[in-house]
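To find a chain, count down the sequence lines: A is the first, B the second, and so on, and within it residues start at 1. In this text the structure is predicted, and so the values were computed from the model without any measurement.
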Number of protein chains: 2
Amino acid sequence: MSIQSAFNLAPLPSACSRCAIRSQSLCGALTDVALSALNGISRHRHFAPGQIVVTEGEPAIFANVVSGILVEKKGLADGREQIVAMLFPADFIGDAQRDSSDTTVQAVTAVTMCAFDRQGFEHLLVHHPVLAHCVLDHAMARLENAREWMLLLGQKSAEERVATFLLRLALRQADAGCRHVAPDMLEPGLELEIPISRAQMAAYLGLTIETVSRRMTALRDAGLVAFRDARSIRLVNLEALRKAAGDQDRN
Amino acid sequence: MSIQSAFNLAPLPSACSRCAIRSQSLCGALTDVALSALNGISRHRHFAPGQIVVTEGEPAIFANVVSGILVEKKGLADGREQIVAMLFPADFIGDAQRDSSDTTVQAVTAVTMCAFDRQGFEHLLVHHPVLAHCVLDHAMARLENAREWMLLLGQKSAEERVATFLLRLALRQADAGCRHVAPDMLEPGLELEIPISRAQMAAYLGLTIETVSRRMTALRDAGLVAFRDARSIRLVNLEALRKAAGDQDRN
DNA sequence: CGTTGGCTTGAGTCAGATCAATAGACGTGG
DNA sequence: CCACGTCTATTGATCTGACTCAAGCCAACG
């Protein structure tokens with residue numbers, strides 16, 4: 001957070017200056033010289049919906065999501081899967097300092113990302129402390145998210161899970177990149193696009209498809225949300241939704 | 001991991017040179033000059049069993065665990081709690097770059113830790129890249145643990161959870177600090193001390209005390225483990241225990 | 001020796017899983 | 001255009017693993 005003030009508005013390397021997420025993510029914290037260096041080792045890559053970007057246990061990549069949605073998941077031998085994170089534009093992919101990924105990364109929508117050369121990135125990490133700081137900050141944020149989800153998976157009921165998911169998604173969507181949005185600065189009546197399928201919601205929330213579907217209709221019948229269709233909903237009663245999510249505050 | 005090779009065996013600052021966990025944790029990666037600087041801003045603190053070290057939402061501290069066991073937990077408004085991590089000697093406490101802790105840290109046994117001045121630590125972080133690298137590495141390890149636990153909480157049955165817990169604990173115990181032990185290098189017949197109560201196991205595994213107890217006796221009756229008493233068990237059939245844990249490999 | 005706290009065990013209940021059927025959206029090809 | 005298969009989501013009926021409630025055990029301790 002303190003670094004953001006060091007941000008410099010002078011001319012930028014061509015590729016980055018036109019980038020949609022330039023002011024966010026890692027890039028936002030970098031000085032021109034660092035950004036220039038980063039640009040030198042990056043290239044855009046595209047993925048189709050459903051395509052696997054990284055497989056659990058195989059070498060990680062380093063990349064920024066430019067557009068599209070992805071999920072990170074972990075699997076058990078018998079096929080059960082748990083989604084451990086959703087990735088949005090400006091999110092960073094890749095486990096710095098680890099030689100194999102602990103998750104499978106899969107594109108949900110069509111995805112564009114800005115991929116970095118591994119060696120080059122680790123080299124930059126050493127020589128640009130501000131980048132290292134930024135990567136650490138991102139890692140801490142991911143950790144915090146993971147732990148919040150542990151609380152959800154270990155303690156919350158099905159309905160609380162679904163409600164929490166919708167609120168988090170709304171927050172992330174309202175956010176739209178400019179990080180650190182006020183916790184409860186959500187306006188009632190907000191239209192929400194759910195970018196993942198019911199099956200993926202189930203894998204994310206530790207439930208079955210059927211239970212997700214049932215709890216969604218329950219929230220609708222209780223007047224907390226309204227449906228346009230299965231994938232796009234409107235938050236009607238925000239206060240009640242927060243209460244249904246279980247944490248009372250901070251959502 | 002590559003940094004470890006930069007480790008220097010020359011004379012050390014007095015306090016650190018006598019420290020039980022000197023060669024591990026953050027300290028192990030540091031050069032003498034950095035370690036000396038770290039030593040300058042650290043002092044030992046003691047906590048009694050059950051004592052709260054940090055409260056969720058309040059300012060974090062920075063410290064290394066020297067001896068004893070602690071848990072990190074997150075709570076819901078109505079009192080439900082989820083333990084998100086167990087802390088062992090050599091573990092690092094504190095969310096670098098965040099101004100409030102996202103977890104409550106509580107001593108389980110009597111605890112000694114080596115606490116660092118916050119300002120001083122962040123200052124060191126900037127001026128000693130090797131320390132920053134080390135903190136990032138630690139954060140990534142914590143993230144990986146959190147995600148493995150998400151898989152457990154979201155997908156595994158009660159028995160799988162308990163079996164996984166015992167195996168992880170055994171690994172950590174055999175480990176005893178010298179990190180990166182071979183995954184399945186556990187010898188059958190290993191005596192295991194469970195440092196936490198059934199209630200804490202329940203809060204860690206997302207179960208109730210009763211279910212933990214029942215699954216423990218089930219594992220005993222099935223001959224996978226043997227009890228000395230509730231808190232100290234022996235791993236009898238390691239292969240079956242791994243299978244019961246559900247991941248098949250990597251444990 | 002009574003009390004207290006941690007653990008186990010039993011009996012009954014319920015939230016969520018499983019199994020199964022249906023409906024709508026979407027293409028594809030005749 | 002319609003018939004068909006596929007895929008996703010919803011809904012219903014039933015089942016079950018874990019929770020709840022309750023009792024009992026044992027060791028520690030005043």
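- Taking side-chain N and O atoms only, A:Arg231 has a distance below 4.0 Å to OP1 or OP2 of D:dA9.
- Between the C1' atom of D:dG24 and the CD atom of B:Glu210 lies a distance of 13 Å, rounded to the nearest Å.
- Summarising the geometry, the separation between CE on A:Met216 and P on D:dT10 is reported as 7 Å, rounded to the nearest angstrom.
- Rounded to whole Å, atom C1' of D:dT11 lies 12 Å from atom CG of A:Asp221.
- B:Leu219 has its CG atom 15 Å from the C1' atom of C:dT8, to the nearest Å.
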Interface polar pairs with nucleotides 13-18 of chain D, N/O, under 3.5 angstrom:
from: D:dA13; atom 1: N6; to: A:Arg214; atom 2: NH2; distance (Å): 3.3
from: D:dA18; atom 1: OP1; to: B:Ala158; atom 2: N; distance (Å): 2.8

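- No donor-acceptor contact under 3.5 angstrom links the side chains of B:Lys73 and B:Thr103, judged on distance only.
- Partner A:Gln155 forms a side chain to side chain donor-acceptor pair (under 3.5 Å) with one of B:Gln82, B:Arg80, B:Lys74 and no other, that one being B:Gln82.
- Relative to the six-membered ring of A:Phe227, A:Arg220 meets both conditions, a distance below 6.0 Å and an angle of at most 45° to the axis.
- Straight-line distance from the CG atom of A:Leu205 to the P atom of C:dG16: 12 Å, rounded to whole Å.
- Counting only distance, with no hydrogens or angles, the side chain of A:Thr55 and the backbone of A:Glu58 share no donor-acceptor pair below 3.5 Å.
- Using a cutoff of 4.0 Å between basic side-chain nitrogens and carboxylate oxygens, A:Arg147 and A:Glu144 are not scored as salt-bridged.
- Between B:Ser213 and C:dT9 there is no side-chain N or O to OP1 or OP2 distance below 4.0 Å.
- Distance A:Arg198 CZ to D:dT11 P: 10 Å, rounded to the nearest Å.
- A salt bridge links B:Glu191 and B:Arg228; the closest N-O separation between the charged side-chain nitrogens and carboxylate oxygens is under 4.0 Å.
- Side-chain proximity of B:Ala230 to the nucleotides C:dT8, D:dT11, D:dA9 is greatest for C:dT8.
- Atom CZ in A:Arg161 sits about 13 Å away from atom C1' in C:dA17, given to the nearest Å.
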